[in-house]
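In what follows, chains carry the letters A, B, and so on, assigned in the order in which the sequence lines appear, proteins first and then strands, with residues in each chain numbered from 1.
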Amino acid sequence: MLQVSYIRDNREQVLERLAVKNFKQPELVDEVISLDNERLISQRASEEAKAAANLSAKQIGEFMRAGKKAEAEELKTQTGNSKDYIKKLDDELAVIEENLYQKLILLPNLPHASVPKGITPEENEVVLENGTIPELPANALPHWELAAKYNLIDFELGVKITGAGFPVYKNKGAKLQRALINFFIDEAEKAGYSEVSVPLMVNEASGFGTSQLPDKEGQMYYVGIDNLYLIPTAEVPITNMYRDVILKGEELPVKNCGHTPCFRREAGSYGAHVRGLNRLHQFDKVEIVQVVHPDRSYEVLEDMSAHVQGLLQKLGLPYRVLRLCGGDMGFGSALTYDMETWSAAQQRWLEVSSVSNFETFQSNRLKLRFRNAEGKTQLAHTLNGSALALPRIVATLLENNQTDKGIKVPEALVPYTKFEWIN
RNA sequence: GGAGAGGUGUCUGAGUGGUCGAAAGAGCACGCCUGGAAAGUGUGUAUAUGCCAAAAGUGUAUCGAGGGUUCGAAUCCCUCCCUCUCCGCCA
């Protein structure tokens, strides 16, 4: 959520930034500003009335103590009359505030200056490509066929137990998963992230704090009986650990990592591109999260990007880094890098990580602050990234490393899998 | 699920209608003391927001959340949420 004071003081810039994000309702900006002006006037009126009433109440107390009954009674009747007036003012104020709030939460975060203007994924900027794209023989198989051939993943079994998008991993397929999780967690810890293991269901306040709610309500599984949501990413519980927290300056940066399954309804996305592991309702992911000083957040974003790239390099996967264009960015992000690996059998890039700087967009909602050098509270910046999401990594590992002898496990992973070949 | 207790500041914890943004202690910060430390001692120590150029100051709100009673609510009433203890169930 943007800060009203910022919008008020930087109207032109806000409009210009929203245009980069191809935001469809720029009129909201002026509506927010004018509602905020109303709010200020209304609030002032209410507060003045309350100040007067409080003063009278105090005087009545003094009269009572001094035994001046008559004076007290007289003041009582006077003050009693102001109650309705105050109530009316407060009701008005509440309406204005609600209005303001409803508009405010429709405004996405402002994109960073480096974000390219654009609407579609084609307009994302390719920042770099790394690694060599493997040439596969003509008879190369896509990962879902490899998974069947080597008995690694059973998609039908998942359909039977739960439904489409909930695969069952078996044998070396299951072990490969576990190896990747441990590898990713170990690498994150080496990079200074401390591991947390968090709840997989969150309450409404948490969903709101990281802005999944109300914007993306339909994308989360909802457990109505207890009013809880299954997490779509570990970002939600991990970042919400710091909701309503004022950190000491020296506690920054906060660095956490964690592995969780992630649950996504992915309503409305079916077809050839979601085949196999390409898009699932449940998948595993290791997430990295940082809470940092605002002056450092872009430097940290680069660090996180480098960390993710390091993982891909160690796994020997060719990848590219995209700087998302305004229109393709998430609602709360100020700058997002997507990392994609080349899926050699499918002949397409697959997104395996997304690293974002939210600046104060989340922390404003979370009330996540720190005490700055002047001793004042200030909103911190939050960042997070996948490091990494498993299924597409598994997909590309299987496809890219297939040989006539089987699938070669990347060297960095062998200490974790304890086997070198899937055959 | 049944029965009971309770939710107060960083923490412990007092506070059953007015002088309470809130005692006391601990912690923390700064100062004094000390060769240095401990002890001792003094001062300070919530958040948001309005007024003010800013600071000082001061208004408003906040004692789980929301509503009500009252001139006045941390304190009384109602609803909801949460936590703890015991019993039951259970990995």
Enquirer: Look at the side chain of T377(A) and decide which nucleotide, out of rG18(B), rG68(B), rA48(B), has an atom nearest to it.
Expert: rA48(B)
Enquirer: Using a 3.5 Å cut-off and no angle test, enumerate the donor-acceptor pairs between side-chain atoms of residues 192-203 of chain A and protein atoms at least two apart in sequence or in another chain.
Expert:
| residue | atom | partner | partner atom | Å |
| --- | --- | --- | --- | --- |
| Y193(A) | OH | Q290(A) | NE2 | 3.0 |
| S194(A) | OG | K255(A) | O | 3.3 |
| S194(A) | OG | N256(A) | ND2 | 3.3 |
| N203(A) | OD1 | A205(A) | N | 3.4 |
| N203(A) | OD1 | S206(A) | N | 3.0 |
| N203(A) | OD1 | S206(A) | OG | 3.1 |

Enquirer: rU47(B), rG18(B), rG72(B): which one has an atom nearest the side-chain heavy atoms of R369(A)?
Expert: rU47(B)
Enquirer: For F63(A) and rU19(B), give me the distance from atom CZ to atom C1', rounded to whole Å.
Expert: 15 Å
Enquirer: Does the distance from a Lys or Arg side-chain N to an Asp or Glu carboxylate O, for K160(A) and E156(A), drop under 4.0 Å?
Expert: no
Enquirer: Ignoring hydrogens and geometry beyond distance, is a side-chain donor-acceptor pair present between R243(A) and N240(A) at under 3.5 Å?
Expert: yes
Enquirer: Considering only atom C1', compute the distance from rA5(B) to rU10(B) and round it to an integer number of Å.
Expert: 25 Å
Enquirer: Under 3.5 Å, side chain of N364(A) to main-chain N/O of M1(A), donor-acceptor pair present?
Expert: yes
Enquirer: Can you tell me the distance, in whole Å, between the CG atom of L93(A) and the P atom of rA48(B)?
Expert: 19 Å
Enquirer: So, the side chain of N10(A) versus the backbone of V14(A): is there a donor-acceptor pair under 3.5 Å, distance only?
Expert: no
Enquirer: Between H259(A) and F184(A), is the ring centroid distance below 6.0 Å?
Expert: no
Enquirer: Considering only the P atoms, how many Å lie between rU45(B) and rC51(B), rounded to the nearest integer?
Expert: 25 Å
Enquirer: Can you see if the side chain of R371(A) gets near the phosphate of rU45(B) - specifically, an N or O under 4.0 Å from OP1 or OP2?
Expert: no
Enquirer: Using the closest heavy atom to pick a nucleotide of RNA chain B for each, name whichever of K248(A) or R44(A) lands nearer the 5' end.
Expert: K248(A)
Enquirer: Just compare rG18(B), rG68(B), rG50(B) and give me whichever is closest to any side-chain atom of I60(A).
Expert: rG18(B)
Enquirer: What base-paired stems does RNA chain B take part in, with at least 3 consecutive Watson-Crick or G-U wobble pairs and both distances under 3.5 Å?
Expert: B:1-7 with B:81-87, B:10-12 with B:24-26, B:27-32 with B:40-45, B:46-51 with B:57-62, B:64-68 with B:76-80
Enquirer: Pick base, sugar-phosphate or nothing for K87(A), based on heavy-atom distances below 4.0 Å to the nucleic acid.
Expert: sugar-phosphate
Enquirer: Do any N or O atoms from the side chain of E123(A) and from the backbone of I119(A) form a donor-acceptor pair under 3.5 angstrom?
Expert: yes
Enquirer: Say we look at rG72(B) and rG21(B): how far apart would their P atoms be, to the nearest angstrom?
Expert: 15 Å
Enquirer: For Q78(A), is there any backbone N or O sitting under 3.5 Å from a side-chain donor or acceptor partner on S82(A)?
Expert: no
Enquirer: Rounded to whole Å, please give me the gap between NZ in K69(A) and P in rC71(B).
Expert: 15 Å
Enquirer: From the options rC71(B), rG68(B), rG50(B), select the nucleotide whose nearest atom is closest to the side chain of K76(A).
Expert: rC71(B)
Enquirer: Provide the distance between the two P atoms, one in rC30(B) and one in rA37(B), to the nearest whole Å.
Expert: 12 Å
Enquirer: Atom pairs, N/O to N/O, protein against nucleotides 57-62 of chain B, distance under 3.5 Å?
Expert:
| residue | atom | partner | partner atom | Å |
| --- | --- | --- | --- | --- |
| rG59(B) | N2 | E47(A) | OE1 | 2.4 |
| rG59(B) | N2 | E47(A) | OE2 | 3.4 |
| rU60(B) | OP1 | N54(A) | ND2 | 2.9 |
| rA61(B) | OP2 | N54(A) | ND2 | 3.4 |

Enquirer: In whole Å, I'd like the distance from the CG atom of D244(A) to the P atom of rG64(B).
Expert: 15 Å
Enquirer: Does this structure show an ion pair linking R296(A) with E299(A), if we count only N-O contacts that are shorter than 4.0 Å?
Expert: yes
Enquirer: Taking the C1' atom in each of rU79(B) and rG27(B), what is the distance between them to the nearest angstrom?
Expert: 38 Å
Enquirer: If I take atom CG in residue N81(A) and atom C1' in nucleotide rU70(B), what distance separates them, rounded to the nearest angstrom?
Expert: 14 Å
Enquirer: Quantified in whole Å, what is the C1' atom distance between nucleotide rA29(B) and nucleotide rG64(B)?
Expert: 30 Å
Enquirer: Can you classify the ring geometry of F208(A) versus Y101(A) as parallel (below 30°), tilted (30 to 60°) or perpendicular (above 60°)?
Expert: tilted
Enquirer: Under 6.0 Å from the six-membered ring centre of F331(A) and within 45° of its axis: does the NZ or CZ of K216(A) meet both?
Expert: no
Enquirer: What integer number of Å spans the C1' atoms of rA22(B) and rA14(B)?
Expert: 10 Å
Enquirer: Expressed as a whole number of Å, how far does the C1' atom of rG50(B) sit from that of rG36(B)?
Expert: 49 Å
Enquirer: Rounding to an integer number of Å, can you tell me how far I41(A) CD1 sits from rC51(B) P?
Expert: 11 Å
Enquirer: Give the rounded distance in Å between these two atoms: CG of L75(A) and C1' of rU70(B).
Expert: 14 Å
Enquirer: Whole angstroms only, please: what is the CD1-C1' distance between I246(A) and rU47(B)?
Expert: 6 Å
